[in-house]
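Read the structure below first, then the notes.
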Amino acid sequence: MKTTITAIKADVGSIGGHIKPSERLLDAVTNYLEEHRRGLIIDYKVSFTGDDIAILCTHERGVNDEKVHKLAWEAFWEGAEVAKKQGLYGAGQDLLKDAFSGNVKGLGPAVAEMEFEERPNEPFLFFAADKTDPGAYNLPLYLGFCDPMFNSGLILSPGMFKGFKFTIMDVNYVEADRVIELNAPEELYDIAALLRDPERFVVESIHSRTTGEQAVAVSTTRLHNIAGKYTGKDDPIMIVRVQGAFPATGEILAPFSIGHFVAGFMRGSHTGPLMPVKRNSTISYFDGPPVVSCAAYCVHEGHLTESADAFDHPFWDYVRQEVSRKALEIRRQGFFGNAMLPFSELEYGGIVEKLSKLDSRFVVRS
Ligand code: F6R
Ligand code: MG
Ligand code: MG
């Protein structure tokens with residue numbers, strides 16, 4: 001049997017600013033799914049990371065399925081209705097279009113999904129990040145799938161010797177999907193040359209070159225490309241199948257110990273280190289720092305186990321301390337230089353007005 005894992009996330013309102021969704025909102029989403037799931041999805045989990053709610057579900061209907069996407073879309077609307085009633089901040093924020101039109105891509109919510117023939121044992125990881133954008137996964141995916149310094153399986157496990165195929169999307173191209181396929185290790189430097197620019201080039205998927213099977217699916221939505229204005233950062237999700245011909249769970253997690261600097265943080269307009277957090281964590285310091293959670297599952301005939309919280313371990317407490325230090329360090333320089341994003345990536349347009357007023361006051365000395 002072929003199983004599809006579909007993850008869809010949206011920010012439809014949160015308590016006290018952009019901290020976390022309310023219990024009632026989460027219940028509304030869960031209840032809607034429970035009441036309308038029959039005959040459609042096999043299993044599901046609802047969780048949150050910062051102000052974003054994620055629906056993770058399994059079914060047999062393949063990717064981009066209209067009915068599955070509609071179910072999630074309507075569940076988020078239920079949540080948004082509760083958010084309005086409770087006066088939550090940013091109620092319905094990511095539901096950018098009023099009408100559902102076939103699938104949720106281009107409507108605001110982020111989607112990561114893949115269809116595959118289940119292995120006899122099928123472990124996978126579900127990542128959800130807040131206060132950052134999809135390019136945040138570029139570095140950990142590069143290191144986890146291409147670099148034997150992080151992925152020892154590339155030299156120890158014959159199932160990985162052939163390497164992986166990366167599909168990378170140019171997210172600035174808005175008319176349609178513009179993608180390139182590149183093979184590691186032969187085209188490693190080409191992969192690196194693109195992934196170094198995470199605001200433009202984003203890993204969309206990764207496949208094993210040994211088995212041809214898909215290992216990774218990343219949500220590549222850019223909200224400001226859909227809305228044409230600030231509506232929050234894109235807060236990406238990602239599914240990674242692990243073990244066997246894929247990297248081990250720990251090899252995928254290892255690069256997150258870097259706490260690498262990503263775009264996002266306050267007003268989606270700053271640079272901050274990505275902190276690996278426990279599931280259902282909130283947002284705090286300077287509307288951040290950018291966070292990523294990871295729920296590990298196994299799936300069998302579409303049924304999900306309970307999750308194991310991959311970043312809930314004493315090791316990651318130490319990493320969180322180190323990442324806090326990095327966050328404070330870059331915050332010390334406020335808006336100067338690299339601490340604030342370049343003009344093209346600022347999520348708030350106010351500065352454009354300010355600069356154009358000042359422009360008229362410039363004089364050219366003769
Ligand atoms: C970032 C984010 C927050 C808001 C900030 C101001 O993704 O959501 O940092 O940008 O709290 O919010 P507004 O402009 O809605 O008052
Ligand atoms: Mg928000
Ligand atoms: Mg968010």
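The figures here come from the full heavy-atom set of this structure, side chains too, leaving out hydrogens, waters and symmetry mates. Counting convention: from 1, in listed order, for ligands and their atoms alike.
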* Working for side-chain contact (heavy atoms from CB on, under 4.5 Å), residues Val179 and Asp170 -> CA-CA 6 Å; Val179 295; Asp170 174 357; over 6 Å; no
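- Close contacts between ligand 1 and Lys131 involve ligand atoms 1 (C), 2 (C), 7 (O), 8 (O) [criterion: under 4.0 Å to a heavy atom].
- Our summary of the site lists the angle at the Mg ion (ligand 3) between OD2 of Asp235 and OD2 of Asp52 as 80°, to the nearest 10 degrees.
- When non-hydrogen atoms are compared, ligand 1 lies under 4.0 Å from the backbone of Phe265 (N, CA, C, O) but not from its side chain.
- Listed by chain and residue number, nothing satisfies the side chain to side chain donor-acceptor pair (under 3.5 Å) test with Asn103 (two or more places apart in sequence, or in another chain).
- Atoms of ligand 1 found under 4.0 Å from any heavy atom of Asp287 (numbered from 1 in listed order, with element): 3 (C), 4 (C), 5 (C), 9 (O), 11 (O).
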* Take Val292 and Val277, measure what side-chain contact (heavy atoms from CB on, under 4.5 Å) needs, and give me the verdict at the end. => CA-CA 6 Å; Val292 59; Val277 293; over 6 Å; no
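- Between the Mg ion (ligand 3) and the N, O or S atoms of Asp130, the shortest distance is to OD1.
- Applying the 6.0 Å contact sphere to CD of Glu23 captures no more than 12 heavy atoms from other residues, nucleotides or ligands.
- Close approach of ligand 1 to Gly268 is summarised as follows: ligand atoms under 4.0 Å from at least one heavy atom of the residue are 1 (C).
- Restricting His18 to its N, O or S atoms, the one at the least distance from the Mg ion (ligand 2) is ND1.
- Trp73 and Phe100 have tilted rings, their planes meeting at an angle from 30° to 60° on a 0 to 90° scale.
- Residue contacts with ligand 1: Gly17 is excluded, as none of its non-hydrogen atoms falls under 4.0 Å.
- Side chain to side chain, Glu213 and Ser208 fail the donor-acceptor criterion of an N or O pair below 3.5 Å.
- At a 4.0 Å heavy-atom cut-off, ligand 1 touches His18 through the side chain alone.
- One finds an angle of 90° at the Mg ion (ligand 2) between OD2 on Asp11 and OD2 on Asp51, to the nearest 10 degrees.
- The distance from ligand 1 to the heavy atoms of Met266 drops below 4.0 Å at these ligand atoms: 9 (O).
- In this structure a side-chain-to-backbone donor-acceptor pair under 3.5 Å is present from Thr271 to Asn338.
- Heavy atoms from other residues, nucleotides or ligands lying under 6.0 Å from CZ of Phe315 number more than 12.
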